[in-house]
Amino acid sequence: MAGSVLPRWDMVLRQRSYWAAAYRRTWRGSVFSSFLVPLLYVLAMGVLLGRYVDARGGSLEGAPSYLAFVAPGLVAAQAMQTAMGETTWPVMAMTKWQRTYYAMTASPLAVVDIVAAHLLFVAFRLAVTCGLFLLVMAPFGVFASWWGVLLAWPVTVLTGMSFAGLLHAFASTVEDSTSFTILFRLMVVPLFLLSGAFFPVASLPAALRWLAQVAPLWHGVDLTRMLVLGHLRAGPAVVHLAYLLALSLAGWLLAVRRLDARLEV
Amino acid sequence: MPSTRRPETLAGRSPGAAAAEPLVHARGLRKAYPSPRSGRGGVEAVRGVDLDVAPGEAFGFLGPNGAGKSSTMRMVAAVSPPTGGELRILGMDPRTHGREIRARLGVCPQEDTLDNELDVRQNLLVYGSYFGLRRAEAARRADELLEFVQLTEKARSRVEDLSGGMKRRLTIARSLINNPDLLLLDEPTTGLDPQARHLVWDRLFRLKARGTTLVVTTHYMDEAEQLCDRLVVMDGGVVVAEGSPPELIRAWSTREVAELRFGVGEHAEVAERVADLAQRVEVLPDRLLLYTDDGETALMRVRERGLQPTTVLVRRSTLEDVFLRLTGRTLVE
C-alpha cells in the first residue's frame, strides 16, 4: 500500500471502538496488576533491600536513599515491559492468529493508520501503567517535587514508546511467538537488570556500560530519575530526550514498513 | 466519500445501471512477489490478465490452487498494488485511491478474520466504525444484516462458539456493512459442509437477485456454474478462457459425456479401442471420459465392441470438463 506516509487522523480515530473493546476485555486485570506489581517492587527492592544498601553507604548518583534511587528506575523498566506486552503477542495475534489486521486493511484504513492507532493505544496503556506506578510511589516520600513527577510521567511513556515501535516491527517480521521468549530473555531481562535501575551504570565494566548506554532503557531511567529526584542537568537531559524521541519515531516508521511488507503476501 | 456514490440499500440498485463503465477494468495486470531471500525476482503469480466486470454482474474466477485467483482478487480489493499493467476499480486507480476504493468494496476473505473475542453483533459494529458509520446507523445495519444471514439468534454469542458455516455467513454480513458497490468473495464455501454451502449460496443468490455485483473466486465448478453469469478460467497466472458457463461448455466441451469405469490399469488400453467413438477421449486414473454429443449412442457402440465397463454414467458436460480440456487437470486434486 504505497502512497501516503502520514496517517489520516480521522482513520486513526475510527479504530477507537476496536481498541476500546480490546481494553474493556483486560482493563480490570491490568489495573489490578498495575497497582500490585509496583507495590511489591517498591516494598521488596526499595524498602527492604534498601535498608541493607543504605546501611553500607556509598554513592547512588546523589539519591538520598536506595528507595529514592531504585523507584524511578523501576517505573522506566515497567514502561519497557508494558511496551513489550502490548506489541509482541497482540501483533502476532493480529497478523497471524486472528488476522485482525487483514480485516482492517479491507476497509478504508491503511497500514499507516492501523500502526498509528495501535501505537497510540500502547501510549495510552503506558500512561495508565506508569501513572499508577508513580501514584503508588507517592506515599513513600521519594519525590522531590510535584512538577518533577508530572514531567517524569510523559518521559516514562516516551521510554516505553522507544521500544514499542521497534518491537511492533519485530513482531510483524517473525513467524513464531517463540521469538518473543528469546527476545524476553536476551533483551528485556538484561536491559531490566543492567540499565541503571538497580545500581548506577558507572559500576558496570566498561564494555557493558557502553552497551547499557546505547540501549534506550538507560536513557529513560536516567531522565526519569533526574526529574523525580529534582537534580536535572540540562545537557544529559536533552540527549536522553532526543535519543528516546528519535528511537520512538524510527521504530514507528519501521513498524509501518514491516507491517506493510507482512500484509502484502 | 465521493459524490458519485448512488444511494443504495440492501435492497439493491435498479438493473438499469448495467450500461455504466465497468466496476473492474484490468489490462495486462501483473503481480510479482519478491523472493523472500533476495527481495527481488521472485514468483510471478499473475502474468497479464484482462478483465471487465459490469455493474450487477456475478463474475467468477475459476482455477486450481495457485492459479493466481487470490492474488488477482487482492489487487482488485486494493490491498495489494499491481506490479504491472493497468487496473481501475470503480473508475479509480488503486495505487492512488486505495482508501476511496476500499470504502465502497465488501470483502469476504478466504480465511475468516473475525474477532474471536467480540460477540457476533460487536464484530459488525466495530467493522462498521472503520467505514465511518455512525453508531445508530451501524446498529441498524448490523441488525438488518444479522437477519439477512440468519444469525439474529446468535447476536450475543461469541464468535468462537459459531460453526464454520455461521462464521462464513457472519463474514459475509460484515462485508456488507458499508453497502458495498462491489462484493468480493474469495472461495466463499471452501471448507464448509454441503448443508452450510447451500445456505451460503442461497444468501449469495439473494444478493445477486438484488443487483449486487459479485466477484467470486472458487475451485468448485458447481459453485461457479450456479453463481456466475460470466467467468474466467485461470491457470498459471493467466486467463485461459472466458465466457458464461454455457458458452464455455459449448466452446470447449461436447454436449454430453459418457463416463466409463473399467478395471484398474485398463483405462489407457481401452481408450485406444474406443478413440473413434467420441470427439475426444480423456483418460483419468479411475475412469474414461468420452466426449460426444450423444452419450447413449456412444455407450451402445462401446458395448458392441465387447467391452464391459463396470460402471457407466452419461451426463451433461460441466465446467469441470472445460477445465480438464483447458489445463489437462481436474479442479480439485
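In the text below, chain A, chain B and the rest are named by the order of the sequence lines, each starting its count at 1.
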Measure the spacing between [atom1] of [X] and [atom2] of [Y] and express it to the nearest 0.5 Å.
| X | Y | atom1 | atom2 | result |
| --- | --- | --- | --- | --- |
| Gln15(A) | Tyr130(B) | CD | OH | 6.5 Å |
| Tyr102(A) | Arg74(B) | OH | CZ | 6.5 Å |
| Glu117(B) | Thr100(A) | CD | OG1 | 9.0 Å |
| Gln98(A) | Thr113(B) | CD | OG1 | 9.5 Å |
| Glu111(B) | Arg99(A) | CD | CZ | 4.0 Å |
| Arg135(B) | Ser17(A) | CZ | OG | 7.0 Å |

inquiry  = Need one label for Leu114(B): side chain, backbone, both or neither, based on atoms under 4.5 Å from any heavy atom in chain A.
reply    =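 The backbone, not the side chain.
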
ask   = Contact part of Ser129(B) toward chain A, heavy-atom cut-off under 4.5 Å: side chain, backbone, both or neither?
value =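 Contact with chain A involves both backbone and side-chain atoms of Ser129(B).
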
Does atom [atom1] of [X] have more than 12 heavy-atom neighbours from other groups under 6.0 Å away?
| X | atom1 | answer |
| --- | --- | --- |
| Lys154(B) | NZ | no |
| Trp210(A) | CH2 | no |
| Arg27(B) | CZ | yes |
| Arg168(B) | CZ | yes |
| Trp252(A) | CH2 | yes |

Proximal component of [X], with respect to chain B [non-hydrogen, under 4.5 Å]:
| X | result |
| --- | --- |
| Asp113(A) | side chain |
| Met94(A) | neither |
| Arg8(A) | both |

If we only count heavy atoms from C-beta on, is the [X] to [Y] side-chain gap below 4.5 Å?
| X | Y | answer |
| --- | --- | --- |
| Phe131(B) | Pro108(A) | yes |
| Tyr127(B) | Tyr18(A) | no |
| Leu118(B) | Arg25(A) | yes |

query = With respect to Val79(B), which candidate in Val111(A), Leu263(A), Thr105(A) satisfies the side chain to side chain contact (heavy atoms under 4.5 Å, CB included) definition?
reply =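 Answer after filtering Val111(A), Leu263(A), Thr105(A): Thr105(A).
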
inquiry  = Please rank Asp115(B), Val107(B), Ile101(B) by heavy-atom pairs under 4.5 Å with chain A and give me the top one.
reply    =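 The option with the most such pairs is Asp115(B).
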
Expected output: side-chain Arg102(B) to main-chain Leu109(A) donor-acceptor under 3.5 Å =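 Yes.
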
query = Can you find a side-chain donor-acceptor pair between Glu264(A) and Ser80(B) that sits under 3.5 Å?
reply =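 Yes, side-chain donor-acceptor contact under 3.5 Å.
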
